[in-house]
Amino acid sequence: MKLFKFASIDVGSNAIRLLFTNVFETPKGPIFRKLSLVRVPIRLGEDAFIHGKIGEEKSDQLIKTMRSFKHLMNVHQVLDYRAYATSAMREASNSPFIISEIKGYADIDLEIIGGEQEADTISFEDLPDFMPHIDGAVFIDVGGGSTELTYIKNAKKVDAISLKIGTVRLLHDAVDSSLWEQMKEWFHKHNLLDSGTPILGTGGNINKILKVLRKQQNDYFINTEDLAAFKAELDAVDYDERITRFVLNPDRADVIIPASQIFLTAADWLGAKQIYIPKVGLSDGIARALYKKCKSL
């Protein structure tokens, strides 16, 4: 059996992630297995969305993180890697300088990708085996700086949109109301309003919510009414109690509320009763792209 090992780096607005993925080639096709995930809570969006640039302290943290990621990739002897930066780095005026510093100090090539490329990378067509067959669905990836929506029909992408509606932005009241209308209009454009079209939810917040709300270990969905009740519980307690009662990391305990609101708003407009959670994200999409690239050489 042939084995490939890849590394995926996701420089997000709320955290930086490094995912190692093993790919096993079998007669039935490739099998992707997550080997290890490292997550470093650096909230780049707090600087980028409020001040328009990433400050010296967070820039230094980011560069040190990338240097450590480089050492880990060397130890793991990965075949290839790819590093993507999303919303915060897209907007920070000093991104070119930071990218240059990362290349110089960590020897990592960091690429800033657009919202549609981010959506395309996340919403791959090959869903995990535990997911049911779904003819049509809306992929919703909620991040710190943006939300990516992708309409999938018969396992093919119909359309995608990236909106500057993110959890860190919402925490700082940095989301214009017109963006919510833009989301609703996008649903209307594809005749999705009140259609009952299911949601495929991705991102760290919805994955954490699944862990809290799942009734059985093999559940891969949550009911929207359960999510609404959970959000009410979160709203009813302060930040410190959220951390202890729901076993949340400090950098998760605040953004989980606006993340819940984004999913609930979309579900209300779609008429969706359930949110399916394939437990994938940008890093998983990068791994699949790296495998395709490797096989095409």
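For the single chain, residues carry numbers from 1 onward in sequence order.
- To the nearest 0.5 Å, atoms CD1 (I262) and CG (L163) are separated by 9.5 Å.
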Q: Under the side-chain contact (heavy atoms from CB on, under 4.5 Å) rule, what do I140 and L200 come out as? Steps first, then yes or no, please.
A: CA-CA 6 Å; I140 301 180; L200 295 173; over 6 Å; no
Q: Tell me, with the steps shown, if F69 and Y81 meet ring pair (Phe, Tyr, Trp, His ring centres under 6.0 Å).
A: CA-CA 11 Å; F69 283 3; Y81 81 93; over 10 Å; no
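- K279 and N207 get closest at one heavy-atom pair: CA-OD1, 3.7 Å.
- Remark: I209 CD1 to L213 CG distance equals 7.0 Å, nearest 0.5 Å.
- For the pair S95 (side chain) and M89 (backbone), a donor-acceptor distance under 3.5 Å is present.
- Remark: R67 fails to qualify as a cation-pi partner of Y105 under the 6.0 Å distance and 45° angle criteria applied to the six-membered ring.
- For D47 (side chain) and G55 (main-chain N/O), a donor-acceptor pair under 3.5 Å exists by modelled atom type.
- Residues F221 and F139 are members of one and the same hydrophobic cluster, defined by side-chain heavy-atom contacts under 4.5 angstrom among Ile, Leu, Val, Met, Phe, Trp and Tyr.
- With 3.5 Å as the limit, one finds a donor-acceptor pair spanning the side chains of R169 and S87.
- Between the side chain of K208 and the backbone N or O of R252, no donor-acceptor pair lies under 3.5 Å.
- One distance of note links NZ of K58 with OG1 of T65; it measures 12.5 Å at 0.5 Å rounding.
- Checked by atom type and distance alone, the side chain of T202 never pairs as donor or acceptor with a backbone atom of G281 at under 3.5 Å.
- F4 and F24 have their aromatic ring centers separated by at least 6.0 angstrom.
- Between T265 and Q261, the side chains place a donor N or O and an acceptor N or O closer than 3.5 Å (distance only, hydrogens not considered).
- Here CD1 of I112 is found 3.5 Å from CD1 of I99. Values are rounded to the nearest 0.5 Å.
- Heavy atoms only, all atoms of each residue included: L110 and V11 are closest at CD1-CG2, 3.7 Å.
- Between the side chains of N22 and R33, no donor N or O sits under 3.5 Å from an acceptor N or O.
- Remark: the backbone N or O of E241 is paired with a side-chain donor or acceptor of D238 at under 3.5 angstrom.
- Taking a 6.0 Å sphere around OH of Y239, one finds it holds more than 12 heavy atoms contributed by other residues, nucleotides or ligands.
- Annotation for K53: atom NZ does not count as buried by contact number, only 12 or fewer foreign heavy atoms lying within 6.0 Å.
- Considering every non-hydrogen atom in both A83 and I108, the closest pair reads CB-CG2, 4.0 Å.
- With R90 contributing its side chain and I113 its backbone, the two residues share a donor-acceptor pair below 3.5 Å.
- Other residues, nucleotides and ligands contribute only 12 or fewer heavy atoms inside 6.0 Å of the NZ atom of K211.
- A donor-acceptor pair shorter than 3.5 Å cannot be found between the side chains of E116 and S162.
- For the pair L227 and S260, the tightest heavy-atom approach, listed with the atom from each and the gap, is CD1-OG, 3.9 Å.
- A side-chain N or O of D159 and one of W186 form a donor-acceptor pair less than 3.5 Å apart.
- Put simply, the side chain of D176 gets close to the backbone of S178: a donor and an acceptor are under 3.5 Å apart.
- The environment of H172 atom NE2 is dense: over 12 non-hydrogen atoms of other residues, nucleotides or ligands sit within 6.0 angstrom.
- Side-chain atoms of Q61 and S59 form no donor-acceptor pair, as typed in the model, at a separation below 3.5 Å.
- Of all non-hydrogen atoms in Q274 and T224, the two that sit nearest each other are N-CG2, 4.1 Å.
- The main-chain N or O of L248 is never found under 3.5 Å from a side-chain atom of R242 such that the two would form a donor-acceptor pair.
- In terms of modelled atom types and a separation under 3.5 Å, the side chain of S13 and the main chain of L44 share no donor-acceptor contact.
- Between F6 and F20, the ring centre distance reaches or exceeds 6.0 Å.
- Residue V23 comes nearest to P30 through the heavy atom pair CG1-CB, 3.9 Å, listed as atom of the first residue, atom of the second, then distance.
- The environment of CZ in R39 is crowded: more than 12 heavy-atom neighbours from other residues, nucleotides or ligands sit within 6.0 Å.
- L234 and V168 sit in two unconnected hydrophobic clusters of ILVMFWY residues. Membership requires side-chain heavy atoms under 4.5 Å apart, directly or through other members.
- A ring-centre distance under 6.0 Å is found for F246 and F230.
- For the atom pair H188 NE2 and S195 OG, the distance stands at 12.5 Å (nearest 0.5 Å).
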